[in-house]
Amino acid sequence: MKRLLSSLLLLAGSTLSPLAAAETAPAVAPLPEMTWTVTPAVTSQYLFRGVRLAGASLQPAVDFAYGPLALGLWSSVALEDHASGDGDPEIDFYGSYTIPLLRWSRVEAELVPGFQLYTYPDAERSRGYYRATLEPSVGANLIIAGVKLTPKAYYDFMLKGATFECAAAVAVPLPALGTELELSASIGTFRWKDIAADVDPAVKNWGDYWTVGAAVPYQVTANSSVKLTVLYSEGRNNFFKQGTSPREENESAVGRAAVTLSYAIDL
């Protein structure tokens, strides 16, 4: 009897319809989408953390995304106000990984560790310029009713110092124009203990900064768009100090506006 029952059960299992078999199989999660985006851009001024680093510049970028993983390459080549031996051109490599923490109603929270590798191929170390600095970071995305808040902390191993920043962003629909207005703002502070290579005593640099901006994207094709961005950035309390010498104010840390035009295409 046991053998007969076993045979009947085996026979029943072998004659299940494909639909029934599919219903009993465990669900397989879809693979994350892989995307490449190329973004050539030109800006009227290169502003970074409240400091003007160059005048008009070309700033192309390439980004790769695979699910929560993001990697990219960004560069800047000055078209004016280029100083021999400094950090131009600049080629940066960056990455991040987004970890969801909370999703409830209109509230989302994510943890985002990442890194930024700044490289300067033509920098002259003999003149005190680093050829590369590495800046890992940890941040969080907090989205409340469409408003995105991003507190973030960085630490640069070469410059031996930290940067703390908090940014906010929101998109305002412009249905009459078929686009939206992207508003952003950020505030930050930094303190670096060794900004010049092979210099003794070390040169310190610290300061505060804030930035506000507005951007309008326009969809050109299904996989490409142009964006016009206008921002204002201002550096404050930005000083250099070497050893026991009096501190010197950073003359490049003043309020300035910049206009950027970019074109993004997904490959």
Side-chain angles (χ1 to χ4, degrees), residues 43-59 73-95 113-139 151-167 185-212 231-258:
T43 185
S44 62
Q45 299 194 83
Y46 177 14
L47 306 176
F48 179 69
R49 294 177 181 170
V51 178
R52 182 181 186 269
L53 299 183
S57 304
L58 292 175
Q59 297 183 335
L73 181 151
W74 179 90
S75 58
S76 182
V77 180
L79 301 176
E80 63 177 11
D81 298 342
H82 171 272
S84 176
D86 69 351
D88 185 82
E90 177 181 344
I91 303 174
D92 300 341
F93 303 87
Y94 51 87
F115 74 92
Q116 187 100 3
L117 175 63
Y118 306 90
T119 70
Y120 312 94
D122 295 339
E124 299 178 19
R125 192 175 180 94
S126 61
R127 296 182 57 186
Y129 295 99
Y130 290 108
R131 284 204 162 191
T133 68
L134 177 63
E135 189 180 61
S137 63
V138 60
K152 204 166 189 178
Y154 308 80
Y155 186 86
D156 194 305
F157 284 108
M158 296 299 291
L159 305 184
K160 298 178 182 178
T163 299
F164 301 96
E165 182 179 281
C166 187
S186 64
I187 185 170
T189 184
F190 67 90
R191 189 175 186 88
W192 300 324
K193 299 178 182 178
D194 191 4
I195 67 165
D198 303 327
V199 174
D200 187 27
V203 179
K204 300 177 182 179
N205 180 212
W206 67 91
D208 308 316
Y209 60 92
W210 61 272
T211 301
V212 292
L231 64 82
Y232 179 85
S233 182
E234 182 175 321
R236 293 184 175 183
N237 306 314
N238 192 316
F239 296 98
F240 299 106
K241 181 173 174 56
Q242 182 178 21
T244 57
S245 301
R247 68 183 188 182
E248 298 181 14
E249 188 173 2
N250 185 353
E251 297 180 354
S252 297
V254 295
R256 299 179 186 272

**OP:** Provide the full list of salt bridge (charged side-chain N to carboxylate O under 4.0 Å, His left out) pairs with a residue in residues 186-196, sequence neighbours left out, each pair given once.
**Re:**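 Passing the test, one end in residues 186-196: K160-D194.
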**OP:** Find out whether Y209 and E165 are in side-chain contact, i.e. whether some heavy atom of one side chain is under 4.5 Å from a heavy atom of the other.
**Re:**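 Yes. Closest side-chain heavy atoms under 4.5 Å.
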Original post:
Is there a side-chain contact between L53 and S252, using heavy atoms and a 4.5 Å cut-off?
Top reply: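 Of all side-chain heavy-atom pairs linking S252 with L53, none is under 4.5 Å.
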I need the minimum non-hydrogen distance between [X] and [Y], along with the two atoms involved.
X	Y	value
L73	F93	CD1-CE2, 3.2 Å
K152	G139	CG-CA, 3.9 Å
Q59	S76	NE2-OG, 3.3 Å
A257	S44	O-OG, 4.4 Å
Y118	D92	CA-OD1, 3.2 Å
V203	V199	CG2-CG1, 4.1 Å

Say you draw a straight line from [atom1] of [X] to [atom2] of [Y]; how long is it, rounded to the nearest 0.5 Å?
X	Y	atom1	atom2	answer
I195	W206	CD1	CH2	10.0 Å
W192	T133	CH2	OG1	8.5 Å
T119	E90	OG1	CD	7.5 Å
L159	F190	CG	CZ	10.0 Å
I91	S75	CD1	OG	6.0 Å
F240	K204	CZ	NZ	14.5 Å

**OP:** Would you check if the side chain of E124 reaches a backbone N or O of Y129 as a donor-acceptor pair within less than 3.5 Å?
**Re:**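 Looks like no, no N/O pair under 3.5 Å.
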Subject >> Lys/Arg cation over aromatic Y154: R49, 6.0 Å, 45° cone >> reply: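 So R49 does make the cation-pi contact.
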**OP:** Kindly assign one of parallel, tilted or perpendicular to the pair Y46 and F48, based on the angle between their ring planes and the thresholds 30° and 60°.
**Re:**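 Geometry flag for F48 against Y46: tilted rings.
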**OP:** Let me see the working for F115 and E135 under side-chain contact (heavy atoms from CB on, under 4.5 Å), right down to the final yes or no.
**Re:** CA-CA 6 Å; F115 74 92; E135 189 180 61; over 6 Å; no
Subject >> Residues in salt bridge (charged side-chain N to carboxylate O under 4.0 Å, His left out) contact with R256, at least two apart in sequence or another chain >> reply: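 Applying salt bridge (charged side-chain N to carboxylate O under 4.0 Å, His left out) to R256 gives none.
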**OP:** Could you list all the side-chain hydrogen bond (donor to acceptor under 3.5 Å, both in side chains) pairs where at least one residue sits in residues 237-251, not counting sequence neighbours?
**Re:**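 Qualifying pairs: N205-N238, D208-N237, N238-N250.
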